[in-house]
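Every chain is numbered from 1 and lettered A, B, ... according to where its sequence line falls, protein lines coming before strand lines.
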Number of protein chains: 2
Amino acid sequence: MHMQNNGDGLHTSRFLTRPLYLQARDAIAHRIATGTWKPHAAIPNESELAREFGVSAGTIRKALDLAEAERLLTRRQGRGTFVNDQSAAEHAARYTNIRNREGERLSGDVEVLSVLETTVSEKESRRLRLRPHERVHRIRRVRITGGKPYMLEDVAMPTKLFPGVASHDDASQQLTVLAQRFCVLLGRGEEWLTIGPAAPDVAAALHVAAEPMLLRLDRVIYTHDGRPAEWRLAQCLMEDGRYYRANFR
Amino acid sequence: MHMQNNGDGLHTSRFLTRPLYLQARDAIAHRIATGTWKPHAAIPNESELAREFGVSAGTIRKALDLAEAERLLTRRQGRGTFVNDQSAAEHAARYTNIRNREGERLSGDVEVLSVLETTVSEKESRRLRLRPHERVHRIRRVRITGGKPYMLEDVAMPTKLFPGVASHDDASQQLTVLAQRFCVLLGRGEEWLTIGPAAPDVAAALHVAAEPMLLRLDRVIYTHDGRPAEWRLAQCLMEDGRYYRANFR
DNA sequence: TAGTGGTCTAGACCACAGA
DNA sequence: CTGTGGTCTAGACCACTAA
């Protein structure tokens with residue numbers, strides 16, 4: 001069985017192949033991203049997938065375990081394997097680290113101040129690894145809790161990945177929601193935190209008279225396959241027992 | 001082959017057992033913690049371990065992969081499996097998230113201001129899940145970089161886990177170094193960040209005249225098996241392009 | 001060339017969920 | 001009861017490392 005390429009694109013040969021379980025994981029990710037398998041749906045069981053992909057059940061299992069670790073799937077013994085809904089609260093909140101004293105994420109509204117589709121700034125091109133002529137959606141919005149603004153967000157997303165985030169309604173959405181709509185699977189993120197005084201326009205947007213110290217959050221979220229999907233510079237009032245919570249292992 | 005208990009403590013039976021690969025991982029972790037297998041040493045190969053534990057090579061592989069993910073081991077194809085040295089820079093720095101503009105961790109010295117072995121305060125007992133009468137080592141120290149203090153740390157560690165962290169020399173050590181010495185394997189950590197003004201004694205310890213805004217880092221590190229091992233309240237000057245870096249997936 | 005971990009297979013039985 | 005994922009086995013061959 002040297003060199004064959006079955007109907008599902010898994011490349012089997014003795015030499016120079018990416019491991020089959022990685023190829024299977026990629027195929028699974030592709031079906032989820034493109035909506036072949038929809039959120040909440042049960043996917044075929046292990047032996048069916050093994051037969052379809054022409055590999056053993058053990059190999060499919062390794063691919064499924066990996067996909068579960070990457071938050072694409074949820075497996076439940078005795079029930080089946082299900083596609084995660086990235087717009088569901090538990091997954092949508094995965095990049096949100098501001099919490100109250102009790103450890104709960106803040107609930108509230110979003111007010112969109114401006115939406116723009118334009119060529120990248122110098123900083124956007126560095127953070128999003130884009131060429132100078134490439135384009136982004138640039139959004140400014142305020143997050144509000146308990147009737148009071150607490151965080152100003154300046155967001156940039158490559159137009160290439162999200163063609164047509166035109167409306168204010170889109171601009172207020174969580175990234176995970178847009179990503180699911182535009183067939184983008186999200187992966188890891190990275191955030192740089194520091195503190196600094198609010199610039200006058202920031203203080204105004206947050207409805208505070210003085211120019212208080214803010215927590216500044218500079219964050220990039222990457223796609224499942226490692227391309228930058230969003231850069232966000234957030235400036236956050238930290239009064240009222242608010243915390244940024246980080247976990248590590 | 002119902003109910004047997006081989007010489008290495010792995011409990012094999014048809015009913016009610018923890019999975020063998022978890023039992024094997026625990027046995028491996030125990031040997032590393034207690035120094036049966038020393039840092040940098042190569043451990044026996046898969047088939048030897050499989051024979052010794054009386055399980056298949058696949059089961060041992062799963063245990064080893066898990067232990068590697070938990071940073072206990074490093075596996076290298078063609079060479080072998082090696083015990084991680086938790087006092088080596090790469091592992092010792094894993095809980096250190098303050099960086100400079102270039103993303104490098106800050107290098108510098110530590111000055112120990114006080115060391116005390118005493119009964120827990122109310123806050124210590126909450127964070128470290130200790131009873132009111134239990135005891136801790138309480139350390140205050142300052143971190144210095146480029147000749148200037150930048151972070152004040154108030155550390156508490158259960159005496160139970162670290163019996164005899166007496167000297168100032170011990171008190172200046174990284175937690176990972178002490179943990180290795182006291183046969184404690186470390187696991188996940190959790191940190192709560194906020195901002196606040198420096199109290200007078202804090203400003204004094206950091207050698208600043210005014211009372212600047214600081215980043216406050218409230219961190220608990222747990223052992224590999226989930227017991228709190230250290231509570232640290234740090235207060236950090238964030239000037240000179242310093243950042244707290246968080247990663248998430 | 002010998003020995004290691006990495007991938008893959010084909011099969012068994014178990015634990016769990018739901019009809 | 002049936003079907004699912006979870007665990008475990010015994011074996012094969014591959015890729016890499018070092019002597």
Per nearest nucleotide of DNA chain C, the residue lying toward the 5' end, A:Lys62 or A:Gln77, is A:Lys62
Report yes or no: is the cationic atom of B:Arg76 (NZ for Lys, CZ for Arg) closer than 6.0 Å to the six-membered ring centre of B:Phe82, at no more than 45° off its axis? yes
B:Arg99 to B:Tyr243, cation-pi by 6.0 Å centre distance and 45° axis angle: no
Provide, to the nearest angstrom, the distance between the [atom1] atom belonging to [X] and the [atom2] atom belonging to [N].
X: B:Glu46; N: D:dA10; atom1: CD; atom2: P; result: 15 Å
X: B:Phe53; N: D:dT7; atom1: CZ; atom2: P; result: 18 Å
X: A:Leu20; N: C:dA10; atom1: CG; atom2: P; result: 12 Å
X: B:Asp65; N: C:dC8; atom1: CG; atom2: P; result: 14 Å
X: A:Leu49; N: C:dC8; atom1: CG; atom2: P; result: 16 Å
X: A:Arg18; N: D:dA15; atom1: CZ; atom2: C1'; result: 17 Å
X: B:Glu48; N: C:dT4; atom1: CD; atom2: C1'; result: 12 Å
X: A:Arg76; N: D:dG6; atom1: CZ; atom2: P; result: 11 Å

Could you check which of [options] has an atom nearest any side-chain atom of [X]?
X: A:Ser56; options: C:dT9, C:dG5, D:dC8; answer: C:dT9
X: B:Tyr21; options: D:dT9, C:dT9, D:dC8; answer: D:dC8
X: B:Arg61; options: C:dG6, D:dG5, D:dT9; answer: C:dG6

Ignoring backbone atoms, test whether [X] places a side-chain nitrogen or oxygen under 4.0 Å from the OP1 or OP2 oxygen of [N].
X: B:Asn45; N: C:dT4; answer: yes
X: B:Thr59; N: D:dT7; answer: no
X: A:Arg75; N: D:dG6; answer: yes
X: A:Arg79; N: C:dG18; answer: yes

Close side-chain approach of A:Ile43 to A:Ile32, heavy-atom, < 4.5 Å: no
Just checking, is any N or O donor in the side chain of B:Gln180 or B:Asp85 under 3.5 Å from an acceptor N or O on the other one? yes
Please check if the side chain of A:Thr176 supplies one atom and the backbone of A:Ser87 the other of a donor-acceptor pair under 3.5 Å. no
